[in-house]
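Reading through the structure tokens given below for one structure.
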Amino acid sequence: MGLTVYGTTLSSRLLLGTAQYPSPAVLAEAVKTSGTAVVTVSLRREGAEGGTGAGFWSLVREFGVHVLPNTAGCHTVKEAVTTAKMAREVFRTDWVKLEVIGHHDTLQPDVFGLVEAARILSEEGFSVFPYTTDDLVVAERLIEAGCAVLMPWCAPIGSAKGPIDVDALRALRAHFPDVPLIVDAGLGRPSHAAAVMELGYDGILLNTAVAKAGDPAAMAGAFAKAVEAGHAAFHAGVLEPRDMAVPSTPVIGQAVFS
């Protein structure tokens with residue numbers, strides 16, 4: 001069964017960003033190979049100088065997938081809310097990936113501004129996908145603000161470090177068993193995606209790890225398989241680590257030679 005967010009069931013648990021690809025053709029092939037049902041799009045890309053925005057938007061429409069506009073690059077509540085409203089007009093969707101950046105180096109979210117912006121947009125009918133940290137209190141505030149999905153990072157954007165605080169991610173999953181959780185930012189390898197999905201997460205949002213790969217399309221396919229493998233493993237029942245060795249072959253009842 002697919003991932004359901006804001007009443008829409010998606011055919012894939014992998015969401016894909018559309019920035020930094022070497023060419024539109026490479027992006028198109030990566031989207032196709034990934035099997036994604038959602039791509040994120042920046043309003044800043046759409047409004048790029050030189051008239052490239054319209055061509056990019058036309059390309060995205062040809063993908064035949066859901067579009068998730070984002071407020072990438074916004075550092076204040078006002079800027080994020082204004083960008084979201086403009087994106088709704090341009091992309092004709094109430095969905096928005098909400099980003100309010102608080103730190104220039106780590107691109108860590110300004111969680112105070114994020115909650116405020118999420119509340120404003122939720123009250124105005126948006127379906128908000130907040131890019132947040134793995135903090136439980138912030139998660140609670142976002143849900144209270146109207147968010148029905150949470151998108152915590154597992155490491156800083158573009159760092160490719162993979163999950164750096166597995167305990168925090170596991171706690172977030174345990175505290176919000178019925179809330180769709182999509183890890184957004186910090187994944188660098190398919191194995192990172194599988195590891196997060198094995199914790200019980202519902203989806204992955206990727207950009208840099210695919211766009212900057214030597215073969216983006218092949219990497220997109222690898223991530224798609226890893227996401228599905230991790231999801232299947234979680235529901236199959238992953239064996240937890242043990243402190244002592246346990247023989248896989250039973251010894252009770254076997255003949256003993258002296």
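We count residues from 1, following the sequence as given.
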> Does Arg242 pair with Glu240 as a salt bridge, N-O distance under 4.0 Å?
Replying inline: no
> Charged N to carboxylate O under 4.0 angstrom, Arg173 versus Asp134?
Replying inline: no
> Hey, is the main chain of Lys78 close enough, under 3.5 Å, to the side chain of Thr82 for a donor-acceptor pair?
Replying inline: yes
>> Keeping His231 on the side-chain end and Val227 on the backbone end, is there a donor-acceptor pair under 3.5 Å?
In response: no
>> Would you say Tyr21 ends up clustered with Val65 if hydrophobic residues are merged whenever their side chains have heavy atoms under 4.5 Å apart, either directly or through other cluster members?
In response: yes
> Taking atom CD1 of Ile120 and atom CD of Glu123, what is their separation to the nearest 0.5 Å?
Replying inline: 7.5 Å
> Just by distance, with hydrogens left out, do Thr83 and Thr71 show a side-chain donor and acceptor under 3.5 Å apart?
Replying inline: no
>> Restricting to non-hydrogen atoms, name the atom on Gly186 and the atom on Cys154 that form the minimum distance, rounded to 0.1 Å.
In response: C-SG, 4.0 Å
> Atom CG in Leu14, atom NZ in Lys225: separation rounded to 0.5 Å?
Replying inline: 13.0 Å
>> Using only atom types and a distance under 3.5 Å, with no angle test, would you say the side chain of Glu79 pairs donor to acceptor with the backbone of His75?
In response: yes
>> To check you understand the geometry: which heavy-atom pair defines the closest contact between Leu107 and Tyr131, and what is its length?
In response: O-OH, 3.3 Å
> Hey, does Phe129 have a side-chain heavy atom less than 4.5 Å from the side chain of Val5?
Replying inline: yes
>> Membership question, hydrophobic clusters at under 4.5 Å side-chain separation (ILVMFWY): are Val179 and Val196 in the same one?
In response: yes
>> Is it the case that the side chain of Arg88 and the backbone of Asp94 share a donor-acceptor pair, with hydrogens and angles ignored and the cut-off at 3.5 Å?
In response: no
> So, for Leu172 and Ala139, which heavy atoms are closest and what is the spacing to 0.1 Å?
Replying inline: CD1-CB, 3.8 Å
> Between Thr133 and Val111, is any pair of side-chain heavy atoms under 4.5 Å apart?
Replying inline: yes
>> Before you tell me yes or no, could you show the steps for Phe176 and Glu140 under side chain to side chain contact (heavy atoms under 4.5 Å, CB included), namely the whole-Å CA-CA distance, both residues' side-chain angles and the distance that decides it to 0.1 Å?
In response: CA-CA 9 Å; Phe176 303 101; Glu140 290 176 346; 3.5 Å; yes
>> Would the distance check show the side chain of Thr18 and the main-chain N or O of Thr40 forming a donor-acceptor pair, the cut-off being under 3.5 Å?
In response: yes
> Does the Thr4 side chain pair with the main chain of Gly7, one donor and one acceptor, at a distance under 3.5 Å?
Replying inline: no
> Nearest 0.5 Å, what's the CG-CG distance between Asn207 and Asn70?
Replying inline: 9.0 Å
> Which atom pair, heavy atoms only, marks the closest approach of Phe223 to Ala193?
Replying inline: CD2-CB, 3.8 Å
> Between Thr33 (side chain) and Gly221 (backbone), is there a donor-acceptor pair under 3.5 Å?
Replying inline: no
>> How close do Gly17 and Leu27 get, counting heavy atoms only, and between which atoms?
In response: O-CD1, 4.4 Å
>> Under 4.5 Å between side-chain heavy atoms, counting indirect links through other Ile/Leu/Val/Met/Phe/Trp/Tyr residues: same cluster for Leu68 and Met86 or not?
In response: yes
> If you draw a 6.0 Å radius around NE2 in His235, do more than 12 non-hydrogen atoms from other residues or ligands fall strictly inside?
Replying inline: yes
> Backbone N or O of Leu181 within a donor-acceptor pair of the Asp202 side chain at under 3.5 Å?
Replying inline: yes
> Just how far is it from atom CE of Met151 to atom OH of Tyr201, taken to the nearest 0.5 Å?
Replying inline: 12.5 Å
>> side chain to side chain contact (heavy atoms under 4.5 Å, CB included), that's the test. Do Leu150 and Leu142 meet it? Break it down for me.
In response: CA-CA 8 Å; Leu150 296 175; Leu142 287 168; 3.9 Å; yes
>> With a 3.5 Å distance limit and no angle check, can you tell me whether Asp110 reaches the backbone of His103 through a side-chain donor-acceptor pair?
In response: no
> Looking at Trp153 and Leu169, what are the two nearest heavy atoms and their distance?
Replying inline: O-CD2, 3.9 Å
>> With a 3.5 Å distance limit and no angle check, can you tell me whether Tyr6 reaches the backbone of Val128 through a side-chain donor-acceptor pair?
In response: yes
> Does Lys85 come within less than 4.0 Å of Glu124, counting only side-chain N to carboxylate O?
Replying inline: yes
